[in-house]
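Quick notes on the structure that follows.
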Amino acid sequence: MAQKVSKYSGFALLTIGLVLLVTVFILAYMEYRGVVVPEMKTQEGFISWILSWGVYIIMKIAFLGVMGWVGSIITLRGVSLITSGEERY
């Protein structure tokens, strides 16, 4: 009975982890496709845009990195729960 519960929990964690990982890749791709480079009228405006855009990208990369990290850990735990019932000592 405990092995069944462990296996079902493993499949649930695997599904949640994979959904998180796919979500990270979709969000990153949407961000990649949505970048608009402004016209360079003045050098100060362009430098201001680069700095504000850089801060935004750093925050976005941190957010996506944490989401990807958590998704991979959850996926790893799900796979280990699925395979733990099959091990024999």
Side-chain angles (χ1 to χ4, degrees):
M1 179 71 173
Q3 287 180 347
K4 270 190 169 178
V5 171
S6 174
K7 192 166 273 206
Y8 290 138
S9 299
F11 281 123
L13 285 176
L14 180 64
T15 303
I16 291 169
L18 289 176
V19 165
L20 277 175
L21 288 175
V22 168
T23 303
V24 166
F25 288 117
I26 290 171
L27 287 174
Y29 182 72
M30 287 178 7
E31 187 64 35
Y32 170 73
R33 298 286 292 171
V35 173
V36 178
V37 179
E39 298 176 17
M40 288 190 275
K41 293 181 180 175
T42 64
Q43 189 174 11
E44 292 86 15
F46 184 71
I47 291 174
S48 173
W49 178 80
I50 288 291
L51 289 175
S52 65
W53 188 73
V55 169
Y56 172 75
I57 289 299
I58 288 172
M59 290 181 353
K60 191 70 139 178
I61 288 172
F63 171 72
L64 292 174
V66 168
M67 270 184 68
W69 179 51
V70 168
S72 65
I73 289 174
I74 291 174
T75 303
L76 175 69
R77 298 296 181 230
V79 169
S80 67
L81 276 176
I82 291 169
T83 59
S84 68
E86 298 171 2
E87 294 178 0
R88 298 201 177 170
Y89 297 103

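Throughout, residue positions are numbered sequentially from 1 according to the sequence presented.
Atom CE of Met59 and atom CG of Leu64 lie 11.5 Å apart (nearest 0.5 Å). Leu14 contributes atom CG, which lies 12.0 Å from atom OG of Ser9 (distance to the nearest 0.5 angstrom). Taken to the nearest 0.5 Å, the OG atom of Ser72 stands 10.0 Å off from the CZ atom of Arg77. Taking CG of Leu81 as the start and OH of Tyr8 as the end, the distance is 14.0 Å to the nearest 0.5 Å.
When hydrophobic clusters are built by joining Ile, Leu, Val, Met, Phe, Trp and Tyr residues whose side-chain heavy atoms come closer than 4.5 Å, directly or via intermediates, Trp53 is grouped together with Phe46. Taken together through direct or relayed side-chain contacts under 4.5 Å among Ile, Leu, Val, Met, Phe, Trp and Tyr, Phe63 and Ile58 form parts of separate hydrophobic clusters. Under the 4.5 Å side-chain contact rule for hydrophobic residues, Leu20 and Val22 share a cluster. No single ILVMFWY cluster, assembled from side-chain heavy atoms under 4.5 Å apart, contains both Val19 and Tyr29. Residue Val66 is grouped with residue Val24 when hydrophobic side chains (ILVMFWY) are merged at heavy-atom distances under 4.5 angstrom, including chains of intermediate members.
Scanning both residues, Gly17 and Ile74, for their nearest heavy atoms gives N-CG2, 3.7 Å.
The side-chain heavy atoms of Met67 and Thr23, taken from C-beta on, include a pair separated by under 4.5 Å. Counting heavy atoms from C-beta on, the side chains of Leu13 and Thr75 never come closer than 4.5 Å. Here the side chains of Tyr56 and Glu31 are in contact, with some heavy-atom distance below 4.5 Å.
In this structure a side-chain-to-backbone donor-acceptor pair under 3.5 Å is missing from Ser48 to Glu44.
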